[in-house]
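Have a look at the structure below before the remarks.
All heavy atoms count here, side chains included; hydrogens, waters and symmetry mates do not. Each chain gets a letter, A, B and so on, in the order the sequences are listed, and its residues count up from 1.
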Protein chains: 2
Amino acid sequence: MPSDVFGVLANPVRRRLLESLRDGPRSTGELAGMFELGRPAVSEHLAVLRAAGLVREEPRGRHRFYHLEPARLAEVSEWLHPFEHYWKQRLDALSDLLDEDNET
Amino acid sequence: MPSDVFGVLANPVRRRLLESLRDGPRSTGELAGMFELGRPAVSEHLAVLRAAGLVREEPRGRHRFYHLEPARLAEVSEWLHPFEHYWKQRLDALSDLLDEDNET
DNA sequence: TCGATGCGTCGGAGATTGTTGACGCGTCGG
DNA sequence: CCGACGCGTCAACAATCTCCGACGCATCGA
C-alpha cells in the first residue's frame, strides 16, 4: 500500500489504469477486462489509486465508476522540473547542431 | 533491481541521490555520507541508477564519481504530459468555483 | 612491498508488494 | 422475495525490495 505518488506510479497496471481513465470514467469490471488479471487484483490497485487521491469513486447502482483525479500528479511534475531544465539544455544543444537555420 | 524508470524513482533514497548529483559529480563515499544508510546499500542504489541509465560513473583513482544523466527522465515527463493538460484545466475550473459559491 | 582506503558484490534476513480464491454485502430483475 | 450480478475485502502464498555484514579487488601512500 504505497501512499506516496512515486510508489503508486511504479506499477505498470496502475499507470495503464490512469491512462484509461483519461477517456472518461469507467467501472471496475470494465477496467478489469482490459488486463489479464483477476478482478480482486484490479480492485486492490484501484484502492491504492484512491488512497493516493489519484482517482475518485462514484457508486452508481451496483457498479462503481472511477474518475481521474490527476491533481497529485503535479507533485511528480514539480520534482521533475529542476531536471527538465538540465535535459532540455542538452536537447537544445543537440537540435542546434542538427539544424542551425531553424528557429522555434 | 527495477530496470524501468518509474520503479527506480519509487525509492526516496534514489530520488535524493539524483537531487544531490544535480550540484555536480560526487563520489560513492560522499553520497553515502548524506544518508543514515550503510555504504553497501547506497552502492546498490547507485547500481540501480546506473542500470537505468540515470547516472554515469567515472572511475578516478580509487574513487568512483557519479554524474547525473537525466535524459531518461524525459520518459516520465512524456508520460505525465497528457495529464498535465487535464489537471491545469481542473485547477482553473476550481478557482472559478471558489469565486461564486462553496459547498461540501 | 605492505597496510590502509574506497568500492562493488555476494548471501541471507526482514520487510513490502502483488495476486489469488473464498466470502460477504448491497443492488437489480423477475 | 429470491437468485444473479458487481464489487470490496480478507487470509495466505509468492515474488520482489531493501538492507547489512563479510569478503575480494584495485589503488594510493610510505
Side-chain angles (χ1 to χ4, degrees), chain A residues 1-21 23-69 72 76 79, chain B residues 1-21 24-69 72 76:
Chain A
M1 49 171 188
S3 56
D4 117 285
V5 187
F6 289 92
V8 170
L9 295 186
N11 187 293
V13 173
R14 289 194 287 263
R15 288 200 300 277
R16 284 177 54 193
L17 282 172
L18 291 176
E19 294 169 14
S20 303
L21 290 179
D23 301 333
R26 297 272 184 271
S27 74
T28 309
E30 217 171 347
L31 291 168
M34 302 174 168
F35 302 91
E36 303 171 357
L37 236 79
R39 188 187 47 73
V42 175
S43 197
E44 290 275 1
H45 283 306
L46 287 169
V48 171
L49 289 171
R50 183 185 179 285
L54 287 169
V55 300
R56 168 176 49 94
E57 55 182 38
E58 170 208 6
R60 192 158 193 165
R62 51 185 159 182
H63 299 264
R64 202 172 292 199
F65 283 84
Y66 285 88
H67 298 250
L68 185 61
E69 204 77 34
R72 300 200 84 79
V76 182
W79 184 86
Chain B
M1 48 169 191
S3 56
D4 117 284
V5 187
F6 289 91
V8 169
L9 295 186
N11 187 293
V13 173
R14 288 194 287 263
R15 288 201 300 275
R16 285 177 53 194
L17 282 172
L18 291 176
E19 295 170 13
S20 303
L21 290 179
R26 298 272 184 272
S27 73
T28 309
E30 218 171 347
L31 291 168
M34 301 174 168
F35 302 90
E36 302 171 357
L37 261 160
R39 189 188 46 73
V42 175
S43 196
E44 291 274 359
H45 283 306
L46 287 170
V48 172
L49 289 171
R50 183 186 179 285
L54 288 169
V55 300
R56 167 176 46 94
E57 55 181 38
E58 170 208 4
R60 194 159 190 164
R62 50 184 160 182
H63 300 264
R64 203 172 291 198
F65 283 84
Y66 286 88
H67 299 249
L68 185 61
E69 204 77 34
R72 300 200 84 81
V76 181

Would you mind reading off the distance between [X] atom [atom1] and [N] atom [atom2], rounded to a whole angstrom?
X: B:R39; N: D:dC20; atom1: CZ; atom2: P; result: 11 Å
X: A:F65; N: D:dG8; atom1: CZ; atom2: C1'; result: 17 Å
X: B:F6; N: D:dC17; atom1: CZ; atom2: P; result: 16 Å
X: B:L46; N: C:dG6; atom1: CG; atom2: C1'; result: 13 Å
X: A:L49; N: C:dG18; atom1: CG; atom2: C1'; result: 14 Å
X: A:E36; N: C:dT20; atom1: CD; atom2: P; result: 11 Å
X: B:E57; N: C:dG6; atom1: CD; atom2: P; result: 18 Å
X: B:E44; N: D:dA22; atom1: CD; atom2: P; result: 17 Å

- Item | Closest approach of A:A10 to B:A10 (non-hydrogen atoms, all atoms of both residues) |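 Looks like CB-CB, 3.7 Å.
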Any side-chain N or O of [X] less than 4.0 Å from the OP1 or OP2 oxygen of [N]?
X: B:S43; N: C:dG8; value: yes
X: B:H45; N: D:dC19; value: yes
X: A:N11; N: C:dG18; value: yes
X: A:Y66; N: D:dC7; value: no
X: B:S27; N: C:dG6; value: no

- Donor-acceptor pair (no angle test) under 3.5 Å: B:R60 side chain, C:dG6 base: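 Counting by modelled atom types and ignoring angles, no donor-acceptor contact under 3.5 Å is found here.
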- Message: Taking the nucleotide of DNA chain D with the nearest heavy atom to each, does A:H63 or B:R62 sit closer to the 5' end?
- Response: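 Nearest-nucleotide comparison on DNA chain D picks A:H63.
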- Query: Which comes earlier along DNA chain C counting from the 5' end, the contact point of A:R14 or that of B:A47, where each point is its nearest nucleotide?
  - Reply: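 First, find each residue's nearest nucleotide; the 5'-ward one identifies B:A47.
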- Query: Are B:L18 and A:W79 close enough that some pair of their side-chain heavy atoms sits under 4.5 Å apart?
  - Reply: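 They are in contact (side-chain heavy atoms under 4.5 Å apart), so the answer is yes.
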- Taking side chain as C-beta onward, heavy atoms only, is B:L54 less than 4.5 Å from B:L21?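 A side-chain contact is absent here, since even the closest heavy-atom pair is not under 4.5 Å.
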- Looking at D:dG6, C:dG8, D:dT18, which one has an atom nearest to any side-chain atom of B:R64?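 Closest nucleotide among those given: C:dG8.
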- Paired nucleotide for C:dG30 [Watson-Crick or G-U wobble; both distances under 3.5 Å]: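 Pair assignment: C:dG30 / D:dC1.
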- In Å and rounded to the nearest 0.5 Å, what is the CD to CG distance from B:E57 to B:L46?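 CG of B:L46 is found 9.0 Å from CD of B:E57.
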- Other residues, nucleotides, ligands: >12 heavy atoms within 6.0 Å of B:R15 CZ: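 Above 12, so yes.
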